[in-house]
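Just so it is clear, the structure is predicted and the values come from calculations on it, not from any experiment. In what follows, chains carry the letters A, B, and so on, assigned in the order in which the sequence lines appear, proteins first and then strands, with residues in each chain numbered from 1.
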Number of protein chains: 4
Amino acid sequence: MPWELKPDRPIYAQLVEHIVQMILSGVYPPGSKLPSVRDLAKEASVNPNTMQRALAMLEEDGLIITHRTSGRSITEDSEMIRKTRTRIARDQVSEFLEKMQKLGFEKEEILSIITEMIKEVRG
Amino acid sequence: MPWELKPDRPIYAQLVEHIVQMILSGVYPPGSKLPSVRDLAKEASVNPNTMQRALAMLEEDGLIITHRTSGRSITEDSEMIRKTRTRIARDQVSEFLEKMQKLGFEKEEILSIITEMIKEVRG
Amino acid sequence: MPWELKPDRPIYAQLVEHIVQMILSGVYPPGSKLPSVRDLAKEASVNPNTMQRALAMLEEDGLIITHRTSGRSITEDSEMIRKTRTRIARDQVSEFLEKMQKLGFEKEEILSIITEMIKEVRG
Amino acid sequence: MPWELKPDRPIYAQLVEHIVQMILSGVYPPGSKLPSVRDLAKEASVNPNTMQRALAMLEEDGLIITHRTSGRSITEDSEMIRKTRTRIARDQVSEFLEKMQKLGFEKEEILSIITEMIKEVRG
DNA sequence: GTGGTCTAGACCACC
DNA sequence: GTGGTCTAGACCACA
């Protein structure tokens, strides 16, 4: 998973999103150790300050634990990770549904468009 | 339809979106006249310059025609309006699907979440 | 020759240009009588005031003569018409050459592009 | 290259044109960094907002890239720059030819006028 | 009255 | 420091 950074949104926000994806998809399993800020920053070709900011936000969410002496690790609370995944998903869905309804789409229409398009994606 | 403006995104972008919704949902039918920049700005509690910027963007898209001295009107090309509606919808869906897949959701899972949540919305 | 009016430039200016073309190309020969303002306005689907303004400008240039009681006519001075045609042409050419040179085109390059494109036009 | 601003056309349009010329003529080579909005505005004796508008238009055309916090630069795609130059040139020529033909000039006549006048320019 | 442009000056997020 | 957004208020051409 490459660190694709587009210039249209704040870099730190894209970093947060990317790391969350890696955690939720299991690249970094619960309890596993995170690379150092410096290494992560280098990997993403980003200023360490910016990476630090991203990690700080993830810590606020409780997804990441900082050990004062030995770096950071993913939370061991896999239940929380699961819940986070669900919460984010529901947020996405509800935001999406709201937009579609504002455009005047009915429930059935939304469903049919999605089922149609979901077949095309990735074969 | 009130002009809800949130501070998290550029105002002009929200204005564009709102006006598009009004056009697509038929509040302003094809060929109908639009209120003056000043009136629209007053209605949205926004500086005329900001509203003008939004309208200019809509004109670039071809959704709006400006008559230099006698105001603006919605394009009479209702076919284009229909296509715009479809295009925006497909964009929304594809953006949504991409996000969900990055979070590690499978096709079936996405569909089931949506069908579940769509029942809750608006009763 | 239809009266194509685009909304991107002042209408009166387009009227002036159009009438000049008709005069220079012989639609209205030297000395011939011009239709009334009202008729011209109707033909061009334009407010008579606007047509009046256009004619006034043409009169300033000396291309049109106003007879206080019997309408307007094209000047009989065909020499002046010929000179006007030449003047306008030279203005166009010099303006065009200036633009091309600002874009960094050399004389030879300009000539070759033109000779190439002039073959394509109108077969 | 001074910033000559005439009152007959929108300033932002003249700024766009001027910057394009600088890019096409190599004053700002592909990939090079552009001065800040504020500096450019000062240099052209223009309000920063106006300069910003011009730069935004250039970005839409793909000629300029903006890095959100570290200024703007010319696109590195020198092929695109070359194509832009050609496109603009052809637009100028075709617009010019159309005007001349509306004035009743034949192909040969146009060519002869140009070849004659092109000798006079810049000695 | 309409749209369009421009300035001055302020404020913001980001790095 | 960078780009981006917004407001307030003025002025203009046009019909």
Residues passing the ring-ring contact (aromatic ring centres under 6.0 Å, His included) test with D/F96, sequence neighbours excluded, are C/F96
Rounded distance (Å) that lies between atom P of E/dA13 and atom CD of A/Q14:
18 Å
Does the side chain of A/I23 come within less than 4.5 Å of A/T75's, by heavy atoms?
no
Quick one, A/I74 and A/L34 - any side-chain contact, counting heavy atoms below 4.5 Å?
yes
Strictly by side-chain hydrogen bond (donor to acceptor under 3.5 Å, both in side chains), give each pair with a member in residues 50-63 of chain A just once, sequence neighbours left out.
A/E59-A/T66
Can any side-chain N or O of A/Q14 pair as donor or acceptor with the backbone N or O of A/K6 at less than 3.5 Å?
yes
Please report, rounded to the nearest Å, how far the P atom of F/dC14 is from the CG atom of C/L15.
12 Å
Rounded distance (Å) that lies between atom C1' of E/dC14 and atom CG of A/D8
14 Å
How does each nucleotide of nucleotides 2-8 of chain F score, in 5' to 3' order, for protein heavy atoms under 4.0 Å: base (B), sugar-phosphate only (S), or none (-)?
SBBBBBB
Are the side chain of D/R85 and the backbone N or O of C/G104 linked by a donor-acceptor pair below 3.5 Å?
yes
When Watson-Crick pairs (N1 to N3 and N6-O4 or O6-N4) and G-U wobble pairs (N1-O2 and O6-N3) count only below 3.5 Å on both distances, what is the dot-bracket string of DNA chain E, with | for other-strand pairs?
||||||||||||||.
Excluding sequence neighbours, so at least two apart, what forms salt bridge (Lys or Arg N to Asp or Glu O under 4.0 Å) with B/R82?
B/E79
Salt bridge (Lys or Arg N to Asp or Glu O under 4.0 Å) involving D/E76 - partner list, sequence neighbours excluded:
none
